[in-house]
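Worksheet: the structure to be examined is printed underneath.
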Protein chains: 2
Amino acid sequence: MAFRNPFEPRQVTSRRGGPVKQPLSLEAIVGAALDLLTREGLKEMSLRKVAAALDTGAASLYVYVEDLQELRSLVFDRALAAVDTKTDPKQHWRGKLRGLLESYLSALTRSPGIAQIALSTIAAGPNGLRFFEALLGVLEEAGVDQPTAAWACDLIPLYITAIAAEQANRDADPHPPGALQRMVESLSQAEYPRVYAARNDLVSGDPEDRFKWALEVLLKGILETPRTAGPGPRRSPSRSR
Amino acid sequence: MAFRNPFEPRQVTSRRGGPVKQPLSLEAIVGAALDLLTREGLKEMSLRKVAAALDTGAASLYVYVEDLQELRSLVFDRALAAVDTKTDPKQHWRGKLRGLLESYLSALTRSPGIAQIALSTIAAGPNGLRFFEALLGVLEEAGVDQPTAAWACDLIPLYITAIAAEQANRDADPHPPGALQRMVESLSQAEYPRVYAARNDLVSGDPEDRFKWALEVLLKGILETPRTAGPGPRRSPSRSR
DNA sequence: ACCTGAACACCGTTCAAGT
DNA sequence: ACCTGAACACCGTTCAAGT
């Protein structure tokens with residue numbers, strides 16, 4: 001029952017919890033943008049709509065953000081906040097790696113469109129760095145030498161991002177159900193015999209099985225393809241370059 | 001010196017070669033679009049600009065094309081026409097594979113933006129199929145069983161596309177020279193010790209070396225990770241699924 | 001310093017009207 | 001059947017003007 005000065009700054013929070021009305025802030029902008037992205041997709045995450053969600057005009061956002069591209073980068077890093085980099089020290093490195101990468105994939109999958117942003121941004125925000133740090137840690141534990149691990153740090157997320165982007169695009173643009181089906185049916189056996197023969201395998205398979213298989217491929221490949229010449233993936237005090 | 005009826009349909013070609021003025025046609029539209037895409041990038045390949053290049057209005061294109069998305073798919077397949085699927089039969093399969101994939105990469109690299117389209121399209125045009133056919137052929141020669149080869153057909157181009165998309169995005173959006181540099185310099189050694197230690201390796205390396213290394217990784221991984229249970233990559237008459 | 005409305009130069013897509 | 005201009009409902013970004 002205390003008195004309230006109605007001219008107090010707006011960052012008052014109500015007794016019922018939650019801010020009554022957020023003042024403009026980078027935090028609020030990125031939050032509203034990620035919200036829009038998650039619910040409506042990349043195209044709907046426009047400066048105008050983000051501004052509208054915050055009860056203001058698009059021009060107001062330019063105080064906090066250079067341009068749309070920068071907002072996208074910020075939103076991307078915010079989305080990576082969901083990546084769980086804590087690993088159970090008792091686990092084998094293989095389990096840690098799978099857990100880490102599955103968490104990364106699911107962060108990219110949660111919001112359709114986040115993966116498209118990922119492909120056009122260098123993930124240099126705090127959450128991106130936190131993820132790289134964890135990934136380098138696991139690779140080190142796996143005995144991958146540093147130069148190889150550094151490149152793997154590029155290759156692995158790139159592949160995961162591509163998977164997520166492909167899925168998101170397929171979902172966003174629902175090819176009329178069975179467009180793929182029709183394609184497969186109209187496939188010319190004479191012109192493309194091998195594609196024809198493999199047509200069922202090409203579209204089959206639980207996405208999760210495919211993902212697991214692909215990780216296995218990357219892992220085996222990385223472990224056996226060190227950048228530094230040598231007999232194998234044994235940890236060695238290789239100097240960089 | 002023959003007479004010409006000025007009311008003749010427009011698909012007249014001049015003696016000097018080349019059409020004087022192309023009539024509207026799907027062919028002409030896709031050609032003009034790919035041209036714009038190559039010279040100006042994905043964002044500039046708008047229906048309005050394609051139409052302008054053909055001396056007409058955007059509305060006219062809708063006779064030939066469902067919407068922008070469809071035009072993009074068509075442009076993508078047209079770009080894949082540059083992929084060379086002829087392989088020297090005397091070559092070892094490894095060489096054929098490298099050649100094929102390098103040709104694919106360079107088709108995607110030639111036009112900035114084509115890779116972005118690739119990620120949002122199922123490549124079911126004739127040139128896409130031709131490429132898959134060739135890829136399946138080489139994988140078969142390498143002794144990869146069919147179910148594994150089918151998934152590899154997804155994984156390999158996906159990865160190549162992601163590389164190309166990343167490069168294109170970096171070029172299109174020139175982060176002020178040295179944005180990465182500054183990022184690396186301001187990197188907190190305390191918070192991200194492993195990233196800090198690997199910072200030079202993370203950004204170093206000729207793109208071509210990285211690409212070759214990545215292909216090697218994928219290849220070794222695929223050869224040693226058959227979907228069908230078994231001792232190794234030996235070809236086996238596994239029935240699909 | 002922060003916010004705003006209006007303006008500018010664009011988009012994709014639709015539609016009635018022309019040939 | 002093909003093409004067109006005009007209109008509709010959007011964009012990102014800038015800018016002068018307000019507080």
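To find a chain, count down the sequence lines: A is the first, B the second, and so on, and within it residues start at 1. Keep in mind that the numbers below use all heavy atoms, side chains included, and drop hydrogens, waters and symmetry copies.
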Once pairs are restricted to Watson-Crick or G-U wobble with both distances under 3.5 Å, how does DNA chain C read as a dot-bracket string, [ ] for crossings and | for other-strand pairs? ||.|||||...|||||.||

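When ring centroids are compared, A:Y192 and B:F132 stay outside the 6.0 Å threshold.
Contact annotation: A:Y64 does not reach the phosphate of C:dC2 (side-chain N/O to OP1 or OP2, under 4.0 Å).
Between the A:Y64 side chain and the A:L24 main chain, a donor and an acceptor come within less than 3.5 Å of each other. Under the 3.5 Å distance criterion, the side-chain polar atoms of A:D67 are matched with a main-chain donor or acceptor of A:E70. B:S106 places no side-chain N or O within 3.5 Å of a backbone atom of B:T109 that could act as its donor or acceptor partner. Although no hydrogens or angles enter the test, the distance criterion places no donor-acceptor pair under 3.5 Å between the side chain of B:D84 and the main chain of B:L100.
Between B:E66 atom CD and C:dT13 atom P the separation is 9 Å, expressed in whole Å. Distance, B:E70 CD to C:dT13 C1': 14 Å, rounded to whole Å.
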Please determine whether side-chain contact (heavy atoms from CB on, under 4.5 Å) holds for the pair B:K49 and B:E40, giving the CA-CA distance in whole Å, both sets of side-chain angles, and the decisive distance to 0.1 Å. CA-CA 11 Å; B:K49 278 187 180 144; B:E40 317 245 15; over 6 Å; no

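In this structure, of C:dG5, C:dT14, D:dC3, it is D:dC3 that holds the atom nearest to the side chain of B:S60.
Annotation for A:S111 and A:T38: closest pair OG-OG1, 2.9 Å, computed over non-hydrogen atoms.
Looking only at side-chain heavy atoms (C-beta outward), B:E191 and B:Y196 stay at 4.5 Å or farther from each other.
Going from the C1' atom of D:dA9 to that of C:dA9 covers 16 Å, rounded to whole Å.
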Short heteroatom pairs, N/O only, protein and nucleotides 7-12 of chain D, under 3.5 Å:
residue, atom, partner, partner atom, Å
D:dC11, OP1, A:S46, OG, 3.4
D:dC11, OP1, A:K49, NZ, 3.0
D:dG12, OP1, A:L47, N, 3.1
D:dG12, OP2, A:L47, N, 3.2
D:dG12, OP2, A:R48, N, 3.3
D:dG12, N7, A:R48, NH1, 2.5
D:dG12, O6, A:R48, NH1, 2.7

